[in-house]
Amino acid sequence: MVKIFIDPGHGGSDPGAVGNGLQEKNITLQIATRIRDILGSEYENVELRMSRTGDSAVSLSNRTNAANAWGADFLLSIHINAGGGTGYEDYVYPNVGAPTTTYQNIIHEEVTKSVDFANRGKKQANFHMLRESAMPALLTENGFIDNSSDAAKLTQPSFIESIARGHVNGLARAFGLKKKQITLYRIQIGAFSDKENADSLAAQAKIAGFEAFVLAENGLYKVRAGAFSNRSNAEQQVQRLTAAGFEAFIL
Ligand SMILES: [Zn+2]
């Protein structure tokens, strides 16, 4: 089990950097929450904890104390930059060495691959979160809130998602996290040796309002009409197809 402590910078009475109508504390919470949710729902053997889950003021000491007391394997601190610049950079404690620098290399590569930000490089700094944490720690600065182009990007949910995905991809690679196997309940309404018959049935299903497609598999043309990760949703789809006159079943 890998324990990852995620720290959304600032919060409560401390807004962090402000600019272009944005407050750093809100964006760091959005990014950190998405990182936690994606890792928790899509990856195995990972435990997650955050320094704050709402708009509350938490001191720097309380943040590192919480990560140390929990025995986190890694601390990730999320920030937004300010002060005249543009793009992404990340920090480790000066001269910390491996494995922290290895994690930095991997996460830096994945974030810059996933996010449309200028790459300001991998850096080192004597920050509290990096110095007082007992485990490898990385602090990421995700764009400049006082840069209008960076700020405009940070207002888009899809951009927040790509920042979170970049961090998740980096963490997954750095710690060898495996994806959860998701069972898909696939629905079939026919199988034919003749492609024309399969196409015709798929067309009928589409006219009846279902999404259907033909798949060539093991010498047969199979007509599929839906795939669901939730079995009861798949069963409901079978009932709707049956009511519409199709011979539907879950594979
Ligand atoms: Zn900050």
Side-chain angles (χ1 to χ4, degrees), residues 4-36 48-68 72 74-94 96 100 103-104 107-108 110-112 114-133 135-157 159-168 170-171:
I4 296 174
F5 189 90
I6 308 169
D7 172 47
H10 312 280
S13 55
D14 167 20
V18 294
N20 293 295
L22 302 176
Q23 297 188 321
E24 179 182 358
K25 66 174 183 177
N26 296 328
I27 305 170
T28 60
L29 184 61
Q30 287 171 27
I31 296 169
T33 303
R34 278 306 291 155
I35 293 171
R36 179 198 65 185
L48 301 148
R49 210 172 265 196
M50 288 169 71
S51 57
R52 65 179 177 100
T53 54
D55 183 19
S56 52
V58 182
S59 72
L60 291 177
S61 296
N62 283 345
R63 293 170 196 245
T64 45
N65 288 346
N68 294 344
F74 190 71
L75 184 153
L76 175 66
S77 189
I78 303 290
H79 287 258
I80 312 298
N81 226 330
T86 179
Y88 169 86
E89 64 195 20
D90 46 44
Y91 290 88
V92 295
Y93 190 68
V96 66
T100 306
Y103 299 145
Q104 181 183 29
I107 295 168
H108 184 93
E110 291 295 337
V111 172
T112 52
S114 167
V115 177
D116 174 28
F117 263 152
N119 182 352
R120 297 170 59 84
K122 291 172 276 190
K123 301 185 175 181
Q124 304 190 336
N126 182 12
F127 292 145
H128 174 101
M129 295 305 299
L130 306 176
R131 186 183 61 245
E132 303 299 330
S133 46
M135 69 294 302
L138 181 76
L139 185 148
T140 68
E141 292 278 5
N142 299 275
F144 282 69
I145 208 162
D146 54 356
N147 174 284
S148 60
S149 162
D150 285 10
K153 291 174 180 174
L154 292 169
T155 62
Q156 298 168 23
F159 197 83
I160 298 296
E161 185 72 13
S162 70
I163 295 175
R165 284 273 165 198
H167 285 81
V168 165
L171 289 165

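As the structure lists them, so they are numbered: ligands from 1, and atoms in each ligand from 1. Nothing fancy with the numbering, it's 1 onward along the sequence. Just so it is clear, the values below take in all heavy atoms, side chains as well, and ignore hydrogens, waters and symmetry mates.
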Original post:
Listing residue and atom name, which protein N/O/S atoms are closer to the Zn ion (ligand 1) than 2.8 Å?
Top reply: His10 NE2, Glu24 OE2, His79 ND1
**OP:** Tell me, please, which residues at least two apart from Phe5 pass ring pair (Phe, Tyr, Trp, His ring centres under 6.0 Å).
**Re:** none
**OP:** List the steps, then state whether side chain to side chain contact (heavy atoms under 4.5 Å, CB included) holds for Arg120 with Phe144.
**Re:** CA-CA 11 Å; Arg120 297 170 59 84; Phe144 282 69; 3.5 Å; yes
**OP:** Mind jotting down which residue pairs meet the salt bridge (Lys or Arg N to Asp or Glu O under 4.0 Å) criterion with at least one end in residues 16-36? Sequence neighbours excluded, please.
**Re:** Lys25-Asp55, Arg34-Glu161
**OP:** If the plane angle is over 60° it's perpendicular, under 30° parallel, otherwise tilted; pick one for Phe74 and Tyr103.
**Re:** perpendicular
**OP:** Provide the full list of side-chain hydrogen bond (donor to acceptor under 3.5 Å, both in side chains) pairs with a residue in residues 138-151, sequence neighbours left out, each pair given once.
**Re:** Thr86-Asp150, Thr140-Asn142, Thr140-His167
Subject >> Donor-acceptor side-chain pairing of Thr28 and His10 below 3.5 angstrom >> reply: no
